Amino acid sequence: MSRNATSSAPQPPASGLFSFSPILLACAIAPFILAGCQKQEAAAKKLPIMVRTKTVAMADYAPRTSLTGVIAARTLNNLSFRVGGRVAERLVDVGQHVDKDAVLARIDPQEQESDLRSAQADLDAAQAQLTQAAATFERQKTLLAQGFTTRRDYDAADQAQKVAQGSVDQAQSALSNARENLSFTELKAGAAGVITARQVEAGQVVQAAQTVFTVAEDGDRDAVFNVQETLVAKTAPSPSVTITLLADPQVKALGKVREVSPAVDPASGSVRVKVGIADTPEGMPLGATVIGSVNARPAKAVILPWQALTSIEGKPAVWIVDPSTKAVATALVNVLAFDSGVVVVDKGLEVGQSVVTAGGQLLSPGQAVEISGAGQ
């Protein structure tokens with residue numbers, strides 16, 4: 001091999017004062033970058049968050065409850081014949097308006113007419129016997145005065161006259177009953193109203209006192225509601241109820257609670273409440289659907305916008321601002337009710353406290369805030 005041949009082995013890089021490795025350069029810059037980021041985060045933490053607040057004040061809260069009900073008659077009459085027989089004629093139908101003493105149906109009067117003729121015949125016979133007994137008594141009275149008869153015959157004639165008179169009175173009473181029974185073959189309306197139900201047809205045999213028609217009498221109406229038991233307990237006794245026709249909200253009336261059922265319906269778990277409507281408008285017919293609105297008993301509570309509500313471990317809470325440090329903290333509250341756009345709180349807040357109503361989603365405990373606006 002020649003001594004002048006050059007070696008192909010790699011040579012180490014020349015070292016000098018200004019020669020740096022890229023890795024060493026990155027390691028040298030990293031602490032400064034981290035320090036700058038920490039300073040920026042610390043500065044960001046110190047910046048207050050802009051929020052809106054509301055000063056806590058107690059107010060009378062009376063929630064307005066609206067329920068759907070129907071218009072019903074205050075008085076329902078179940079009409080029936082006083083005598084039995086076969087229905088010969090039915091003159092009205094469901095939904096028809098009838099006047100007082102209008103004939104609704106008739107039963108075959110053949111039996112009652114026969115009883116009437118029999119009673120008339122008995123009366124005629126009793127009157128004939130009375131005429132004969134009266135003549136005998138007058139004759140015995142004259143003879144006794146002349147001394148041509150005995151006192152015993154006179155007393156017997158007097159007694160026979162009285163018995164005959166009693167028979168006439170009895171026959172007259174039977175005739176009166178027969179005439180009344182004949183009149184009972186016609187079923188008449190006791191008061192003006194609307195037929196709401198019927199249970200018989202022409203040709204059907206009915207018994208005495210069997211319900212034939214149901215009539216809703218004219219006059220003041222009731223609005224009937226099925227109300228939850230808790231609402232009944234929270235409502236003031238005999239409140240004023242605003243009744244509005246569902247089909248036409250312009251038709252309104254004012255009613256008073258007239259009757260509250262003492263028992264809860266086991267099927268629906270509700271209480272039936274009847275609201276009397278004096279001077280019921282003509283636009284509220286029977287069966288019309290209405291809306292009843294009533295205010296519950298007022299209670300002292302704090303009314304806040306719904307945006308003020310947050311939660312702690314699933315429990316309702318709000319953010320409270322410390323007036324001295326402007327730092328926020330959470331406070332558990334008890335929600336009385338949720339209403340349109342607001343939340344009603346009855347426990348957990350004190351008068352004068354500042355509650356965050358906007359911007360609470362950005363807060364954390366101890367966070368400093370800047371109040372944009374406050375109000376009651």
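Only heavy atoms go into these numbers, but all of them, side chains included; no hydrogens, no water, no symmetry mates. Computed from a prediction, not measured in an experiment: that's the story for all the values here.
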**Asked** Do I107 and F184 belong to the same hydrophobic cluster, where Ile, Leu, Val, Met, Phe, Trp and Tyr are linked whenever their side-chain heavy atoms lie under 4.5 Å apart, directly or via other members?
**Response** yes

**side chain to side chain donor-acceptor pair (under 3.5 Å) between T211 and Q199, worked out** = CA-CA 7 Å; T211 300; Q199 287 78 26; 5.6 Å; no

**Request:** Check whether any side-chain N or O of S176 sits under 3.5 Å from a backbone N or O of S173 as a donor-acceptor pair, and report yes or no.
**Result:** no

**Prompt:** Is V351 reachable from L349 through a run of hydrophobic residues whose side-chain heavy atoms are each under 4.5 Å from the next?
**Reply:** yes

**Asked** Is any side-chain N of the basic residue among D108 and R86 closer than 4.0 Å to the acidic one's carboxylate O?
**Response** yes

**Request:** Answer yes or no: is there a side-chain heavy-atom contact under 4.5 Å between V321 and V356?
**Result:** yes

**Asked** Considering all heavy atoms of both residues, which atom of V335 and which atom of V343 are nearest to each other, and what is their separation?
**Response** CG1-CG2, 3.6 Å

**Message:** Whether the side chain of T196 engages the backbone of T214 through a donor-acceptor N/O pair (distance < 3.5 Å, no angle test) should be reported.
**Reply:** yes

**Prompt:** Do Q112 and T185 get their side chains close enough for a donor-acceptor pair, meaning under 3.5 Å?
**Reply:** no

**Shortest non-hydrogen contact from I49 toward Q367** = CD1-CD, 3.8 Å

**Request:** Taking the side chain as every heavy atom from C-beta outward, state whether R198 and V212 have any pair of such atoms under 4.5 Å apart.
**Result:** no

**Asked** Does K54 use its side chain to pair, donor to acceptor, with the backbone of I303 at less than 3.5 Å?
**Response** yes

**Complete:** Nearest heavy-atom approach of V206 to Q210 is CA-OE1, 3.5 Å

Using residues 115-131 as the side-chain source, report each donor-acceptor pair under 3.5 Å to any protein atom, sequence neighbours left out, with the distance given to one decimal.
| unit_1 | atom_1 | unit_2 | atom_2 | d |
| --- | --- | --- | --- | --- |
| Q120 | NE2 | D124 | OD1 | 3.2 |
| T131 | OG1 | Q127 | O | 2.9 |

**Message:** Is a donor from one side chain sitting under 3.5 angstrom from an acceptor on the other, for S240 and K256?
**Reply:** yes

**Asked** Can you find a heavy atom in the side chain of V328 that is under 4.5 Å from one in the side chain of I320?
**Response** no

**Asked** Within a reach of under 6.0 Å around CG of D279, are more than 12 heavy atoms found that belong to other residues, nucleotides or ligands?
**Response** no

**Prompt:** Can you hop from F213 to L286 via hydrophobic side chains spaced under 4.5 Å?
**Reply:** no

**Message:** Check for me, please, whether L182 and L175 land in the same ILVMFWY cluster - side-chain distances under 4.5 Å, paths through other members count.
**Reply:** yes

**Message:** Does any part of the side chain of V194, heavy atoms only, come nearer than 4.5 Å to the side chain of V215, both counted from C-beta?
**Reply:** no

**Asked** Does K326 come within less than 4.0 Å of D322, counting only side-chain N to carboxylate O?
**Response** no

**Request:** Check the surroundings of atom CD in Q146: do more than 12 heavy atoms from other residues, nucleotides or ligands lie under 6.0 Å from it?
**Result:** yes

**Which atom of L245 lies closest to which atom of T289, heavy atoms considered** = CD1-O, 3.6 Å

**Item:** Taking every non-hydrogen atom, the tightest pair across A223 and I71
**Value:** CB-CD1, 4.2 Å

**Message:** Using the rule given for side-chain contact (heavy atoms from CB on, under 4.5 Å), can you reason through T244 versus T242, listing the C-alpha separation, both sets of side-chain angles and the distance that settles it, and then say yes or no?
**Reply:** CA-CA 6 Å; T244 306; T242 302; 4.2 Å; yes

**Prompt:** Can you list the steps and then say if V355 with L304 is a side-chain contact (heavy atoms from CB on, under 4.5 Å)?
**Reply:** CA-CA 9 Å; V355 177; L304 300 173; 4.1 Å; yes

**Asked** Below 4.0 angstrom, N of the basic side chain to O of the carboxylate: do R74 and D222 qualify?
**Response** yes

**Asked** Does CD belonging to Q204 count more than 12 external heavy atoms closer than 6.0 Å?
**Response** yes

**Asked** Is there a donor-acceptor pair under 3.5 Å between the side chain of Q353 and the backbone N or O of E350?
**Response** yes

**Request:** Taking the side chain as every heavy atom from C-beta outward, state whether N334 and V345 have any atom pair closer than 4.5 Å.
**Result:** no

**Item:** Heavy atoms from other residues, nucleotides or ligands near CD of Q132 exceed 12 (cutoff 6.0 Å)
**Value:** no

**Prompt:** In Å, rounded to the nearest 0.5 Å, how long is the span from CE of M284 to CG of D248?
**Reply:** 9.0 Å

**Lys/Arg-Asp/Glu bridge criterion (N-O < 4.0 Å) met for K300, D60** = yes

**Message:** Can you tell me if Q159 has over 12 outside heavy atoms packed within less than 6.0 Å of its CD?
**Reply:** no

**Message:** If you apply the rule side-chain contact (heavy atoms from CB on, under 4.5 Å), what do you find for V51 with L363, and how did you get there?
**Reply:** CA-CA 9 Å; V51 296; L363 300 179; 4.1 Å; yes

**Prompt:** Just by modelled atom types, is the D93 backbone N or O under 3.5 Å from a matching donor or acceptor in the Q96 side chain?
**Reply:** yes

**Request:** Enter the distance from K141:NZ to Q161:CD here, rounded to the nearest 0.5 Å.
**Result:** 9.5 Å

**Item:** Hydrophobic cluster identity match, M58 and V333, side-chain contacts under 4.5 Å
**Value:** yes

**Asked** Around Q170, counting heavy atoms of other residues, nucleotides and ligands shown, do more than 12 lie under 6.0 Å from its CD?
**Response** no

**Request:** Could you walk me through whether T68 and F225 pass side-chain contact (heavy atoms from CB on, under 4.5 Å), step by step?
**Result:** CA-CA 7 Å; T68 303; F225 301 91; 5.9 Å; no

**Asked** In Å, rounded to the nearest 0.5 Å, how long is the span from NZ of K315 to OG1 of T310?
**Response** 14.5 Å

**From L336 atom CG to D346 atom CG, the distance as rounded to the nearest 0.5 Å** = 4.5 Å

**Prompt:** Roughly how far apart are D220 CG and T280 OG1, rounded to 0.5 Å?
**Reply:** 5.0 Å

**Request:** From the options L67, V224, V227, V241, select the one residue that forms a side-chain contact (heavy atoms from CB on, under 4.5 Å) with V273.
**Result:** V227

**Request:** Search all heavy atoms of S293 against all heavy atoms of S66 and return the closest pair with its distance.
**Result:** OG-OG, 2.8 Å

**Prompt:** Side-chain donor-acceptor pair under 3.5 Å between D265 and S270, yes or no?
**Reply:** no

**Test item: L91 and R106 side chains (from C-beta on) under 4.5 Å apart, heavy atoms** = yes

**Complete:** In this structure, CD of E313 is separated from CG of L332 (nearest 0.5 Å) by 8.5 Å

